Amino acid sequence: MERSAFVYIFLTVVTVALGLCVDNREYVPGYIRGGRRCFPGPEEGGGDGICDRQKARNRIAAAAVFCLMTAVSACRIAVGNDYWVYRDNFKLIAQGRHVASEPGFNYIVKWLQLFFGYDNYLPVFGFFSIVTVWFFVRALREQGQYFAFSLYLLMTGGYYFNSLNSVRYYLALAMALFSMKYVLRGEYGKFILTILAGAMIHKSVLLVIPVYLAARYLAAAPLKKWHYIAGGFVLGTLVFGQDLCREIIFFFYPFYRDSAFDRGQISYANILKSGCVLVFSLFCYRRSLRENMVNRFYFFLNIFGLAVYCCGSFIPEISRVGYYMIISQVFLIPRLSERIPQKWLRRLCRAGVIAAFGGYFFLLLRGMYAVDVRLLPYLNWIFN
């Protein structure tokens, strides 16, 4: 592992350390509940002003995290296997020629080119970096009851670092993560509008509309026999209706058929992650899940992701499809561990999660040198 890998390691360590300054346990229930004031008042244990001292500290620390993550992402050059592909597409967009990307993305690129000029691609990458990181950090600040823990899972789980590649998809993923609060609030209009905006960047995000709404419904309702029958039907469709599912996918993404993405790979790492989270959830079921609608929402998303990874290997880019669901782990895992009554067991479980994701991050770093990833070596236009 060469020196530039320490940029990613250093960024992770520093941002998580800054995240420890964020204590928003009192505010997250208000953020999720919504309304005119998205934080508790004095009667709910919160501050008595518009912005109390802790809330100001949270904002400063979160802003510092945002700036560091944005700096690494926006200043990159030649990082990611599709970096120069995007640059070529920017040129085609400027020329008014056809590209496969969605119209919203194309119009934004054209608008940026009006300001910065033809083939001035660095500001374009910088703009999408800023927006993607903003959605990630804003989602963590409003839904991450343990901000530093959730940030650690986001970083070591690879979601942020992979956003240096596949620009459109990870912006859509960040918007999906951000939109979960609207589903939890029951503000379905805002949720759908957010996802429709994301679909103008990467239309695969439309998948989360039925998936997130189904998870919200199951989280709020006691499970009945027909729920299990419906779940069995969906699994049966994934197992026995693969040809039909593939035709539906290729209707929206015809260029994926027989492409390098259509290789029928099984994501064992994501199956293992989702399976372990399922076991942990069942272990904490009585205290953390049985009567907690928010936790149950994230729990069902993890189950959906596990089902997709186990039965949907025929889906091109299966990891991306599953990410829309299992990214909820960044909220679910910290919320599960907080309800463990024994202090020693709670610490042991958190240490185990930290070690497991740290090991995954190390393997992720080693894989970043692969020709189909190329997130390392890290280069930036300031020093390189």
Side-chain angles (χ1 to χ4, degrees), residues 12 15-34 38-40 44-47 52 54-55 57-58 61-62 65 136-157 159 177-178 180-181 183-185 215-216 218-220 273-303 305-306 325-358 360-361:
T12 301
T15 53
V16 172
L18 285 169
L20 292 172
C21 298
V22 178
D23 183 2
N24 58 350
R25 286 172 292 179
E26 293 182 354
Y27 305 112
V28 166
Y31 283 129
I32 292 177
R33 184 171 58 252
C38 291
F39 53 90
E44 300 171 276
D52 61 28
Q54 183 58 55
K55 195 172 184 69
R57 187 182 295 118
N58 291 350
V65 169
F136 273 140
V137 175
R138 185 65 182 267
L140 293 185
R141 194 170 72 86
E142 295 181 345
Q143 298 176 65
Q145 199 146 3
Y146 293 87
F147 181 89
F149 201 174
S150 294
L151 178 61
Y152 175 80
L153 298 178
L154 183 83
M155 301 293 279
T156 56
Y159 303 109
L177 185 70
F178 172 81
M180 289 180 185
K181 67 178 183 181
V183 182
L184 292 168
R185 292 176 187 175
R216 174 63 169 80
L218 293 173
K273 280 199 299 183
S274 303
C276 290
V277 172
L278 174 60
V279 172
F280 187 39
S281 300
L282 295 177
F283 173 74
C284 301
Y285 177 82
R286 187 170 62 88
R287 292 184 178 275
S288 300
L289 285 176
R290 186 164 58 184
E291 297 179 358
N292 190 310
M293 189 273 292
V294 176
N295 290 357
R296 284 168 61 87
F297 171 73
Y298 299 137
F299 169 72
F300 279 111
L301 287 181
N302 184 73
I303 289 182
L306 178 60
M325 304 164 209
I326 69 168
I327 196 172
S328 61
Q329 293 173 0
V330 303
F331 301 136
L332 176 61
I333 294 174
R335 293 176 69 97
L336 289 175
S337 62
E338 71 169 332
R339 295 293 184 91
I340 298 176
Q342 298 87 353
K343 190 173 183 179
W344 66 271
L345 184 57
R346 183 167 63 250
R347 289 181 174 178
L348 180 62
C349 289
R350 288 177 176 173
V353 171
I354 291 170
F357 272 80
Y360 178 79
F361 183 46

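Basis for what follows: all heavy atoms, side chains included, without hydrogens, waters or symmetry-related copies. All of these numbers come straight from a predicted model, not from anything done at the bench.
Taking the side chain as every heavy atom from C-beta outward, Phe149 and Val16 never approach each other to under 4.5 Å.
For the atom pair Leu345 CG and Arg350 CZ, the distance stands at 11.0 Å (nearest 0.5 Å). A distance of 6.0 Å separates CZ in Arg141 from NZ in Lys55, rounded to the nearest 0.5 Å. Interatomic distance, CD1 of Ile354 versus CZ of Phe361, reported as 14.0 Å (0.5 Å rounding). With values rounded to the nearest 0.5 angstrom, Leu140 atom CG is found 5.5 Å from Leu154 atom CG. Taken from CZ in Arg25 to CD in Glu338, the straight-line distance is 8.5 Å, to the nearest 0.5 Å. Rounding to the nearest 0.5 Å gives a distance of 13.0 Å between CD1 of Ile340 and CZ of Arg347.
Panel note: side chain Ser150, backbone Val330; a donor-acceptor pair is recorded below 3.5 Å. Under the 3.5 Å distance criterion, the side-chain polar atoms of Tyr31 are left unmatched by any main-chain donor or acceptor of Gly144. Listed for the Arg296 side chain is a donor-acceptor partner under 3.5 Å among the backbone atoms of Leu218. Side chain of Gln329 to main chain of Leu153: no donor-acceptor pair is present (N/O by atom type, distance under 3.5 Å, no hydrogens or angles).
Note on ring orientation: taking the six-membered ring where Trp is involved, the planes of Phe357 and Tyr360 are perpendicular (angle over 60°, cut-offs 30° and 60°).
A side chain to side chain contact (heavy atoms under 4.5 Å, CB included) with Tyr298 is found for exactly one of Leu336, Ile333, Leu332, Leu289, namely Leu332. Each of Thr15, Leu20, Val22, Val137 was scored for a side chain to side chain contact (heavy atoms under 4.5 Å, CB included) with Leu151, with one residue passing: Thr15.
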Inset, instruction - Could you please spell out the steps behind the side-chain contact (heavy atoms from CB on, under 4.5 Å) verdict for Tyr159 and Ile326? - result: CA-CA 11 Å; Tyr159 303 109; Ile326 69 168; 3.7 Å; yes
Inset, instruction - Could you walk me through whether Phe136 and Ile327 pass side-chain contact (heavy atoms from CB on, under 4.5 Å), step by step? - result: CA-CA 11 Å; Phe136 273 140; Ile327 196 172; 4.1 Å; yes
Inset, instruction - Apply side-chain contact (heavy atoms from CB on, under 4.5 Å) to Ser337 and Tyr146, showing your working. - result: CA-CA 10 Å; Ser337 62; Tyr146 293 87; over 6 Å; no
Legend entry - Stepwise side-chain contact (heavy atoms from CB on, under 4.5 Å) test for Arg335 and Val28: CA-CA 11 Å; Arg335 293 176 69 97; Val28 166; 4.2 Å; yes
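Nearest heavy-atom pair across Val183 and Arg216 is O-NE, 3.0 Å. Contact between Gly275 and Leu306 at its shortest, heavy atoms only, is N-CD1, 3.9 Å. Across all non-hydrogen atoms, the minimal contact from Ala61 to Leu18 is CB-O, 3.6 Å. The shortest non-hydrogen separation linking Asn295 to Asn292 is N-OD1, 3.0 Å. Across all their heavy atoms, Asp23 and Asn58 have their closest contact at N-OD1, 2.9 Å. Across Met293 and Leu184, no two heavy atoms sit closer than the pair CE-O, 3.9 Å.
With sequence neighbours left out, Arg57 forms a salt bridge (Lys or Arg N to Asp or Glu O under 4.0 Å) with no residue at all.
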